Student: 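I'd like to ask you about the structure that follows.
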Amino acid sequence: MFNKRTKIGELLSSEPDNREVTVMGWVRTFRNNQFIALNDGSTNENLQVVLELGKFDDELLKRLTTSASVRAVGNLIPSLGRGQRSELKATAIEVLGDSDGEKYPLQPKKHSLEFLREQAHLRFRTNTFGSVFRVRHALAYAVHRFFNEKGFVYLHTPVITASDAEGAGETFKVTTLPFDATPRNEDGTVDFREDFFGRATNLTVSGQLEGELAAMAFSEIYTFGPTFRAENSNTARHLAEFWMIEPEMAFYDLEDNVDLAEEFIRYIIRYAIENNVQDLEFLAQRLADEEKQLPQDKRSEFGLMEKLSFVVDNRFERLTYTEAISILRESNYNKKKKFQYLIDQWGVDLQSEHERFLVERHFKRPVVLTDYPKNIKAFYMRQNDDGKTVAAMDILAPGIGEIVGGSQREERMDKLVSRMQEMHIPVKEMWWYLDTRRFGTVPHAGFGLGFERMVQFVTGMSNIRDVIAFPRTPKNAEF
Ligand code: 4AD
Ligand code: MG
C-alpha cells in the first residue's frame, strides 16, 4: 500500500509527540540544505521537514527543488525554530517526481493574478488559490447540506436541451452536422432533422424549466450544475460556463422565496466561516494588502471577515424596483451625472453601477429588489395585478451586484400562454412545460444563485476568473 501518509493539515493541528509519521507533498522551498517547506494542499501552512546536516547525500539534496514531489518519513517534534509549533525530523526522504526548479513557472515570490491565470494548471499550488478552492469546496458542500437538511430533492437537469429557458438567445449550439456540408431545407435554412437529435439543440442556460417539472411532484427540489451563456460580456462577473444552484418550490410565493434565499445565503457563509477560518483569514489579509494599493476612497470600509459576519447577522434590505428607481433618480449621483447611465424613467433595466450604488453607498448591506417591470424579465415570471410588473426578485451583494435572480412563477395557464405569445416563446414546443399548468398547477417559486459570484463574495476575489478552476470566457478556453 502506497498511501500510508498523514495529511499536513491534520499533523499541524495535532500534538508534536515524537511519533513516526509519513507525509507526501510538493516542495515549496528548500533552504540551507536543511529545511523543506512541504505542502500537500490540505492547508496553506507548510510542514517544516528538517534534514540533519550530513545525514543525507548530496545527490538527494540537489533534487529537492521547488515543486518537486517528496515522500518524507520522520518524527513529529515540537519545533526548535520560531514560526511553527511542530516540525518533522526526517529519517528518510524520497523524491517521487523531480522538477527543474529553474524552469518551474511559479517561483517562490508574489505573482500577479493575471500571470497566474495563464498558469491555471499550476496556480492551485499557490496559497491564494489553495484557499480559494478549499473555500469553494466548502461552499459547495454546504449547499448540499442546507437543502438536504430541508428535505429538498437534488435533481440533475440535462446539459443538452432544445429550449432556451431564459429566452435571451444566448445559447451555444450543440450539433454533429458537418460545417462544410450542412443539410439545407428548401428555403436555405439548416435542416436539423438530419442532426444528432433530429432537432436544433443547445447547452442549457438554466435548469429551471425542468426543475419546475420535478417540483410539481416532489414539492421542493434544487439543481446544482454547470450552465452556459454565449453572452459576449468580458467583465469581472461573467463567465460563459458557470455553476448555478436553482431551487424550485411548490406552494411558495415571492416572499417565501426571498426568505429561503436569505436563509440559504446566510447558511452557506456561516458554514465557511465555521469550517475554513484559516483560509478566510488568509484571503482577508490578501484583500487588505491588495486594497492598500488603491486610493483611499476606493477601499472598502470593512475587512472580509467583518463583511461576512455582517451578512450572516443582518437582514437584507427589501424594496421594490419602483422604490429603487426613485431612490436612484433622487440621488446625488444621478443629479451630478456621476452615473454613466442616468436614471430618467421608470422601466429601464438597472446597470451594475446602479446596483452597486444601492448596495454599497445607500443601504450598505445586501439588497433584495422585487417587482420589476415585466418587459425586462423572463416570460415565466408571475404577472402582478398592476399589469406592469412581475413577481421577480434579484439579490444584490456588495462588490458583486446581482448574485441571485428569481421569481414566483406564472401558474395561471391563460396568463402564461398569452405572455409567451407576446414574447415569441414557442408555445407548441413547450407543451411539456405547459402540462404542469394543465394538470394540478400550484403557486410556486424559485431562484438561481450564481455559484462563482457567491465564491467571489466569500473569498473577496475581485475577478470571477479567479474562483473557477478553468474559466471559459470570450476568446479563451485554454486548459
Ligand atoms: O438571473 P439569471 O439569468 O436567472 C436564471 O437563470 C433563472 N432561471 C434562475 C431561476 O429563477 N431558477 O441567473 C441567475 C444567477 C444570476 O443572478 C447570477 O448570479 C448568475 O446566475 N449568472 C452568472 N454568473 C456568471 N456568469 C454569467 N454569465 C452569469 N449569468 C448569470
Ligand atoms: Mg438575472
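Keep in mind that what you see is a predicted model, and the values were worked out from it rather than measured. Every number for a ligand or one of its atoms is a count from 1 in the order of the listing.
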Student: Could you check atom 4 (O) of ligand 1 against the protein and tell me its nearest heavy-atom contact, residue, atom and distance included?
Tutor: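 For atom 4 (O) of ligand 1, the nearest protein heavy atom is Glu166 OE1, 4.0 Å.
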
Student: Hey, is CZ on Arg184 packed in by over 12 heavy atoms from elsewhere, all under 6.0 Å?
Tutor: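 It does: Arg184 CZ has more than 12 such atoms within range.
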
Student: Nearest 0.5 Å, what's the CZ-NE2 distance between Phe379 and His424?
Tutor: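 Between atom CZ of Phe379 and atom NE2 of His424 there are 14.0 Å.
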
Student: If you leave out waters, which protein N, O or S atoms are less than 2.8 Å from the Mg ion (ligand 2)?
Tutor: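 Hits for the Mg ion (ligand 2) below 2.8 Å: Glu402 OE2.
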
Student: Mind checking what makes side chain to side chain donor-acceptor pair (under 3.5 Å) contact with Asp435, not counting sequence neighbours?
Tutor: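 Partners of Asp435 under the side chain to side chain donor-acceptor pair (under 3.5 Å) test: Arg438.
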
Student: Students should be able to answer this: which protein heavy-atom is nearest to atom 6 (O) of ligand 1, and at what distance?
Tutor: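 For atom 6 (O) of ligand 1, the nearest protein heavy atom comes out as Arg229 NH2, 2.8 Å.
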
Student: Within this structure, what is the CG-OG1 distance for the pair Leu209 and Thr161, rounded to the nearest 0.5 Å?
Tutor: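 Nearest 0.5 Å value for the CG-OG1 distance: 8.5 Å.
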
Student: Distance to 0.1 Å, residue and atom name: give those for the protein heavy atom nearest to atom 26 (N) of ligand 1.
Tutor: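 Protein heavy atom with the smallest distance to atom 26 (N) of ligand 1: Leu239 N, 2.9 Å.
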
Student: Would you give the length of the straight line joining atom CG of Asn314 to atom CZ of Arg266, rounded to the nearest 0.5 angstrom?
Tutor: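 It comes to 8.0 Å.
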
Student: Answer yes or no: does atom NZ of Lys335 have more than 12 heavy-atom neighbours from other residues, nucleotides or ligands under 6.0 Å?
Tutor: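 Enclosed: over 12 neighbouring heavy atoms sit under 6.0 Å from NZ of Lys335.
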
Student: Heavy-atom count check: over 12 atoms from other residues, nucleotides or ligands less than 6.0 Å from Phe172 CZ?
Tutor: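 Yes, the 6.0 Å shell around CZ holds more than 12 heavy atoms from other groups.
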
Student: Distance to the ring centre below 6.0 angstrom and angle to the axis at most 45 degrees; does that hold for Lys110 and Phe115?
Tutor: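 Because its charged atom misses either the 6.0 Å distance or the 45° angle limit, Lys110 does not stack over Phe115.
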
Student: Before accepting this row, confirm whether a basic side-chain N of the pair Glu410/Lys374 lies closer than 4.0 Å to the acidic partner's carboxylate O.
Tutor: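 No, this pair does not count.
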
Student: For atom 19 (O) of ligand 1, find the nearest protein heavy atom and state the residue, atom name and distance (0.1 Å precision).
Tutor: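 Minimum-distance protein heavy atom for atom 19 (O) of ligand 1 reads Ile403 O, 2.9 Å.
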
Student: Quick one: which ligand 1 atoms are inside 4.0 Å of a heavy atom on Gly406?
Tutor: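 Ligand 1 atoms under the 4.0 Å threshold to Gly406: 11 (O).
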
Student: Report yes or no: does Met381 have a heavy atom closer than 4.0 Å to ligand 1?
Tutor: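 Under 4.0 Å: no for Met381.
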
Student: Show which atoms of ligand 1 fall inside a sub-4.0 Å distance from at least one heavy-atom site of Glu246.
Tutor: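 Going through ligand 1 atom by atom, the ones under 4.0 Å from Glu246 are 7 (C), 8 (N), 9 (C), 10 (C), 12 (N).
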
Student: Is it the case that Asn127 and Arg28 place a side-chain donor and acceptor less than 3.5 Å from each other?
Tutor: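 Yes, Arg28 and Asn127 have a side-chain donor paired with an acceptor closer than 3.5 Å.
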
Student: Is any side-chain heavy atom of Phe264 closer than 4.5 Å to one of Val143?
Tutor: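 Yes. Closest side-chain heavy atoms under 4.5 Å.
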
Student: Looking at Asp191 and Arg193, does any basic side-chain N land under 4.0 Å from a carboxylate oxygen?
Tutor: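 Salt bridge: yes.
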
Student: For atom 18 (C) of ligand 1, find the nearest protein heavy atom and state the residue, atom name and distance (0.1 Å precision).
Tutor: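 Its nearest protein heavy-atom neighbour is Arg453 NH1, 3.5 Å.
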
Student: With heavy atoms of Gly405 as the reference, note each atom of ligand 1 found under 4.0 Å away.
Tutor: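 This gives 1 (O), 9 (C), 10 (C), 11 (O), 17 (O) as the contact atoms.
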
Student: List the closest protein heavy-atom neighbour of atom 14 (C) of ligand 1: residue, atom name, distance to the nearest 0.1 Å.
Tutor: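 Nearest neighbour among protein heavy atoms for atom 14 (C) of ligand 1, to 0.1 Å: Met244 SD, 3.4 Å.
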
Student: Please list, in number order, the atoms of ligand 1 under 4.0 Å from a heavy atom of Arg237.
Tutor: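 Close to Arg237: 25 (C), 26 (N).
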
Student: Any atoms of ligand 1 less than 4.0 Å from a non-hydrogen atom of Glu231? List them with their elements.
Tutor: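 With Glu231 as reference, the close atoms of ligand 1 come out as 27 (C), 28 (N), 30 (N).
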
Student: Number the atoms of ligand 1 from 1 as they appear, then name those within less than 4.0 Å of a heavy atom of Arg409, with their elements.
Tutor: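 Those atoms are 10 (C), 11 (O), 12 (N).
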
Student: Just by distance, do the side chain of Asp256 and the backbone of Asp253 share a donor-acceptor pair under 3.5 Å?
Tutor: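 Present.
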
Student: Counting non-hydrogen protein atoms only, what is the nearest one to atom 15 (C) of ligand 1? Give residue, atom name and distance.
Tutor: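 Protein heavy atom with the smallest distance to atom 15 (C) of ligand 1: Gly448 O, 3.7 Å.
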
Student: Report, in ascending order of atom number, the atoms of ligand 1 lying under 4.0 Å from any heavy atom of Tyr380.
Tutor: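 Heavy-atom distances to Tyr380 below 4.0 Å select 7 (C), 8 (N).
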
Student: Salt bridge between Arg318 and Asp259, side-chain N to carboxylate O under 4.0 Å?
Tutor: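 Judged by the 4.0 Å cut-off on N to carboxylate O distance, Arg318 and Asp259 do form a salt bridge.
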
Student: Please identify which atoms of ligand 1 are closer than 4.0 Å to at least one heavy atom of Val404.
Tutor: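 Answer for ligand 1: 17 (O).
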
Student: With atom 23 (C) of ligand 1 as the reference point, say which of Phe242, Phe228, Tyr222, Phe451 has the nearest heavy atom.
Tutor: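 Considering heavy atoms of Phe242, Phe228, Tyr222, Phe451, the nearest to atom 23 (C) of ligand 1 sits in Phe242.
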
Student: Which residue holds the protein heavy atom closest to atom 1 (O) of ligand 1, what is that atom called, and what is the gap in Å?
Tutor: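 Its nearest protein heavy-atom neighbour is Glu402 OE2, 3.0 Å.
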
Student: Does NZ in Lys338 sit with more than 12 non-hydrogen atoms of other residues, nucleotides or ligands closer than 6.0 Å?
Tutor: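 Count not over threshold, so no.
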
